[in-house]
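These numbers come from the heavy atoms of this one structure, side chains and all, not from hydrogens, waters or symmetry mates. What you see is a predicted model, and the numbers here were worked out from it, not measured in a lab.
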Amino acid sequence: MLTLLLDWLASRPFIPHGHCYLWQPGLVGLHALSDGLITLAYGLIAAALLYFVWQRQDVPFRPIFLLFAGFIAACGLTHGLSIWTLWFPTYWVSGLVKASTALISLSTALTLIPMIPLALVLPSPTRLEQLNQALQAEIEERKQVEASLRAAEREVRQLNQELEDRVQRRTAQLEAAKQRIEELLAQEQQDRLTLQAAKDDLQIIAERLNLALDAAQMGSWDWHLDQPTLFWSPQTERILGLLPNSAPHTLEQWADQVHPDDLPRVSAAIEHSIAACTEFREEYRVKWPDGRWHWVSAYGRVVTVVGGESHRMAGVIQDITERKHADLALQASETRFRAVFEQAAVGMARLSPEGHWIQVNQKLCEMLGYAPTDLLNQHFSAITFEADHRQDDHYYSQLITGEQSYCQFEKRYLHRDGHPLWTLVTASVESEASAGISAFIAIIEDIEERKAARDELLRRAEELLTANLMLARTTALLERRNSELDQFAYVTSHDLKAPLRAISNLAEWIGEDLNGQIPEENQRQLALLRSRVQRMESLINGLLEYSQVGRRERQLTQVDVGQLVHGVIDSLAPPEGFQVIVADDMPTVYTHQTALGQVFANLINNAIKHHHREQGTVRVSWQRQGDAIEFAVADDGPGIASQYHGKIFTIFQTLKARDNFESTGIGLSVVKKIVESENGRIWLTSEVGQGTTFYFTWPYTQAPVDKPPQPTEENI
C-alpha cells in the first residue's frame, strides 16, 4: 500500500513540467531562476518575521505574525516545488503543498479580520504626540511654579531680614532706654521673647502654608465682604490667567471671567455660604485673556462673623483643567463603549476574574436564548457544553496566570432549548496596573453556518479527491486504449491496403498481358475494378484520417491565414478555368496551422471537384465574431438542395452515385470534426443553381498560449 501511495505521488503518469517549455534552456532557466529567487525572498521574509517575533516578546498580535510567516513560507515552498517539477513530475505533492498553502492563507485571513477592531484602538502616533506635548507643557508649568517658589522664598528672606533689622533697631532702642526705665526691663525682656516666639511660629506657618499651596498648585484668596476689592495670591492670578501683582481685583472682574452657564450656580453657592456661614465648594470654568476656558476648583469659608453676620471669606483655588478633561474624556469613552457594547452585531460580555457574567449585551442573549437576568452572576461553565470544559479551563488558566492576554478558540454553548451552539470566542484581559486583572472581555460569534459550511467543504474535498483518483485511473486507461486504437488503425489500414494493392497490380498486369485481346466490356470491367480498388484505398485513408482528427498532437504557431490559403491553392493546382479569390485583409492568429489548412483544402477542393462547369469562382472571406473568426468559402456551383444540408456532414454520405463520381463521403465529415475539435462550428447556405457557401468559426487567438501542445481527446 505504501508503495502504491508513493507511486501515485511520484511522477507516473505525468511528464515533467519542462516539457511545457519544450526544454528550451533559456525559458527553463528563466522560470527556474525566477522561482528560485521568489523562494529565497519568501524564505527570508518568513525568517525575518519569526526573528522579529522572537526578539520582540511584547509585540501585539503575535499569532497573526506567526500565521503570516507560515503563509509566506508555504508560498515559497510552492515556488520551490515549481522548480522541482520542471524535471520531476510530482504534481500530487505540489498540489498538496498548494492545498496546505490555501488552508494557511484562509486561517490567516480568518484570524486577521477579528483583530482589525483591536488594532484600530491602538494609540496613533498623533495621539502619542499630543500626550507628549501635554507632558512638556506640564513640565514647563512645574518649572514656572518652582521659579515662583524660589521668588516667594526670596520674598520671605527679605521680609525676615527686614524683621530682623526692625528687631535690632528695637533692641537698640530698648538698650538706650534701659537706664531710663529700669523697672520695665523685665517686662520688656518678656515681651521680646514672646514676640520672637510668635515670629518663629508665624514664619513656620507661612512656610508650611506656602509649601503646601505650591505643592498642590493652589492659590489663596481673601474677601472682605464690606470692601469692593479682593486679595488674590500670585498663584491665584496665574490660575485665572492673569499676570502676578496685577491691578487690584474686584468681584465684577471675577464674575466677567466665569462662564455664563456656571455663574448663576456659583453665585448662589457663595450667597448660601455667606448667609449660613457654611463652607463653599464649587467647580466652574473661567476664561483666560487669550480666550481659552480653564476648569478651576474653589474652596472657601467664612472666617469673620460680627453680630451674627459674615464679614470675611477666605479660601483656595486650584486649576483642574487636565483632570476635568480626563474625566470628560473618560465619560465619553465609557458612553461610546456602552453604545458599542449594546449595539454590537456580535455577542459581547464582561466576566469577573472568577468567571461569572457581570455584563452581557442583547445580541448574546438573543444568540443563546437567555434573558440577561438568567446569565448575570452565573459562571460561564454553567452553559458550556460538557465536552468543552477542559478546553475552557486551559484558556482560562492561561489568561488568569498572565501567560496570554488574548486568546481565540471555538467552543459550544448550550442554548436555552438544550441544543449545543458552535461559537467563536475571543477573550482578552481587562486589567489595572495597581489592582491586576479586573475583568475579562469576551466577543462571541455564532459560527454554526460557518462550521456547517466548513464540514460540507471538507466532505466535498474528499469527494473531489476520490473523483480525481477515479479520473486519473480513467485517463490512464483511455490513454492506453487510444494508443492501442492508433496501433490497431495503422495495422488494419496496412493489412487492408496490402491486398488492395495486389488486386490493383493484378488488374494492370492482366490488362497489359492481354492488351488488344480483351473485349471492350471486359476492359470496362477491369477499369471499374481498378477504380473500386482506388475508392477502397481512399476510403481506408479517409477513415484513418477521420479517426485521428482531434487526437493528434499539434503545435500552436503564428499563422498568416492569407499566406496559408494561398499555399493551399497552390498545392491544389485548380484547373485553368477556376479562379480562387482570397480577401486581402486575412487575419494573423496563433493556431494549429495544419488543421486550419486541412479545412480550407477540403472546402476549396470540394467546391472545385463538385462544380458543374469547367470554369467557376471560389471566394474566401472572413469577419470577426467576438472571440472567434467566421470564415466563408463560397462558390458559384450547382448548389445543394435544402433537404441535404443536414446530411452532407455525415460520414460516407454523397449526393452523387459513386460509379458516376468518385467520392468517399468522408471529406466534409473530417472538416466538421476538425472544426468542432477547435470548439467551432460549421454550416452552409445554398440553393439549387445559386451556389454554396460554407461557414465555419475558428478561435481568434492573437497571442501565444503559454502551454505546450497537447493532444485533444475528442472521443473521450
Trainee: Do D560 side-chain atoms and T588 backbone N/O form a donor-acceptor pair below 3.5 Å?
Mentor: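 No: the side chain of D560 does not pair with the backbone of T588.
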Trainee: Is a side-chain N or O of T423 found less than 3.5 angstrom from the main chain of E445, in a donor-acceptor match?
Mentor: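 No, the answer is negative, given that no donor and acceptor are paired below the 3.5 Å cut-off.
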Trainee: So, the side chain of W23 versus the backbone of V28: is there a donor-acceptor pair under 3.5 Å, distance only?
Mentor: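 Between the backbone of V28 and the side chain of W23 there is no qualifying donor-acceptor contact (under 3.5 Å).
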Trainee: Above 12 or not: heavy atoms from other molecules or residues under 6.0 Å from NZ of K98?
Mentor: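 No - once you tally the heavy atoms of other residues, nucleotides and ligands closer than 6.0 Å, there are 12 at most.
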Trainee: L49 vs F71, test: side-chain contact (heavy atoms from CB on, under 4.5 Å). Steps then yes/no.
Mentor: CA-CA 11 Å; L49 285 175; F71 166 58; over 6 Å; no
Trainee: Can you find a heavy atom in the side chain of L668 that is under 4.5 Å from one in the side chain of K672?
Mentor: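 L668 vs K672: side chains apart.
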Trainee: For the atom pair OG1 (T692) and CD1 (I640), what is the distance rounded to the nearest 0.5 Å?
Mentor: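 Going from OG1 on T692 over to CD1 on I640, the span is 4.0 Å.
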Trainee: side-chain contact (heavy atoms from CB on, under 4.5 Å) between I72 and Y42: does it pass, once the steps are laid out?
Mentor: CA-CA 6 Å; I72 293 172; Y42 279 168; 3.8 Å; yes
Trainee: Hey, does the side chain of S94 reach the backbone of T90 with a donor-acceptor pair shorter than 3.5 angstrom?
Mentor: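 Answer holds: no.
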Trainee: Might you point out which heavy atoms bring V620 and F600 nearest each other, and give the distance in Å?
Mentor: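 Where V620 meets F600 most closely, the heavy atoms are CG1-CE2, 3.7 Å.
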Trainee: Rounded to the nearest 0.5 Å, how far apart are CG of L469 and CG of L464?
Mentor: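 Going from CG on L469 over to CG on L464, the span is 9.5 Å.
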Trainee: Check this for me: F52, atom CZ, are more than 12 non-hydrogen atoms of other residues, nucleotides or ligands nearer than 6.0 Å?
Mentor: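 Check passes, neighbour count above 12.
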Trainee: Working to the nearest 0.5 angstrom, can you tell me the gap between H79 NE2 and I83 CD1?
Mentor: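 Between H79 NE2 and I83 CD1, I get 9.5 Å after rounding to 0.5 Å.
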Trainee: Please find the pair of heavy atoms, one from G680 and one from T697, that lie closest to each other, and give the distance.
Mentor: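 That closest heavy-atom pairing would be CA-OG1, 3.3 Å.
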Trainee: Looking at L81 and V93, what are the two nearest heavy atoms and their distance?
Mentor: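 Closest heavy-atom pair between L81 and V93: CD1-O, 4.1 Å.
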Trainee: For the side chain of D636 and the backbone of T617, is there at least one donor-acceptor N/O pair under 3.5 Å apart?
Mentor: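 Confirmed, D636 side chain pairs with T617 backbone.
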Trainee: Does E448 use its side chain to pair, donor to acceptor, with the backbone of W422 at less than 3.5 Å?
Mentor: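 Here the side-chain-to-backbone pair exists.
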Trainee: Determine, for E456 against R459, whether the closest basic-nitrogen to carboxylate-oxygen distance falls under 4.0 angstrom.
Mentor: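 A salt bridge is present here (some side-chain N lies under 4.0 Å from a carboxylate O).
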Trainee: To check you understand the geometry: which heavy-atom pair defines the closest contact between P587 and I629, and what is its length?
Mentor: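 Of all heavy-atom pairs spanning P587 and I629, the closest is CG-CD1, 3.7 Å.
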Trainee: Main chain of E462, side chain of R460: is a donor-acceptor contact present, judged purely on distance under 3.5 Å?
Mentor: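 Pair absent, no side-chain N/O of R460 close to backbone of E462.
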Trainee: Within this structure, what is the OG1-CG distance for the pair T591 and L596, rounded to the nearest 0.5 Å?
Mentor: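 Reported to 0.5 Å precision, the distance equals 6.0 Å.
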Trainee: Let me see the working for W698 and F696 under side-chain contact (heavy atoms from CB on, under 4.5 Å), right down to the final yes or no.
Mentor: CA-CA 7 Å; W698 200 266; F696 68 93; 4.0 Å; yes
Trainee: Any donor and acceptor pair, going by atom type alone, linking the side chain of N606 with main-chain N or O of N602 inside 3.5 Å?
Mentor: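 Looks like no, no N/O pair under 3.5 Å.
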Trainee: Salt bridge check, R450 against E410: does any charged N sit closer than 4.0 Å to a carboxylate O?
Mentor: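 Salt bridge: no.
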Trainee: Looking at side-chain heavy atoms only, is the closest gap between T557 and Y590 below 4.5 Å?
Mentor: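 No, too far: nothing below the 4.5 Å cut-off.
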Trainee: To the nearest 0.5 Å, what is the distance between CG on L66 and CD1 on I104?
Mentor: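 Between atom CG of L66 and atom CD1 of I104 there are 12.0 Å.
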Trainee: Sub-3.5 Å donor-acceptor pair from the side chain of S34 to the main-chain atoms of H31, do we have one?
Mentor: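 Looks like no, no N/O pair under 3.5 Å.
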Trainee: Output the distance between atom CD (Q615) and atom CD (E576), rounded to the nearest 0.5 Å.
Mentor: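 Here the rounded value is 11.5 Å.
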Trainee: May I ask you to test the V561-V582 pair for a side-chain heavy-atom distance under 4.5 Å?
Mentor: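 In short, these two side chains do not touch, never coming nearer than 4.5 Å.
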Trainee: If you look at every heavy atom in I674 and V599, which pair is closest and at what distance?
Mentor: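 Residues I674 and V599, closest heavy atoms: CG2-CG2, 3.6 Å.
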Trainee: For residues F694 and L684, determine if any side-chain heavy atom of one lies less than 4.5 Å from a side-chain heavy atom of the other.
Mentor: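 Yes; the side chains approach each other to less than 4.5 Å.
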Trainee: Looking only at heavy atoms, which two atoms of I569 and P574 are closest? And how far apart?
Mentor: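 In terms of heavy atoms, the two residues are closest at O-CD, 3.3 Å.
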Trainee: Should the heavy atoms of other residues, nucleotides or ligands under 6.0 Å from CG of D570 be counted, would the total exceed 12?
Mentor: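 Yes, because the 6.0 Å sphere around CG of D570 holds more than 12 heavy atoms from other groups.
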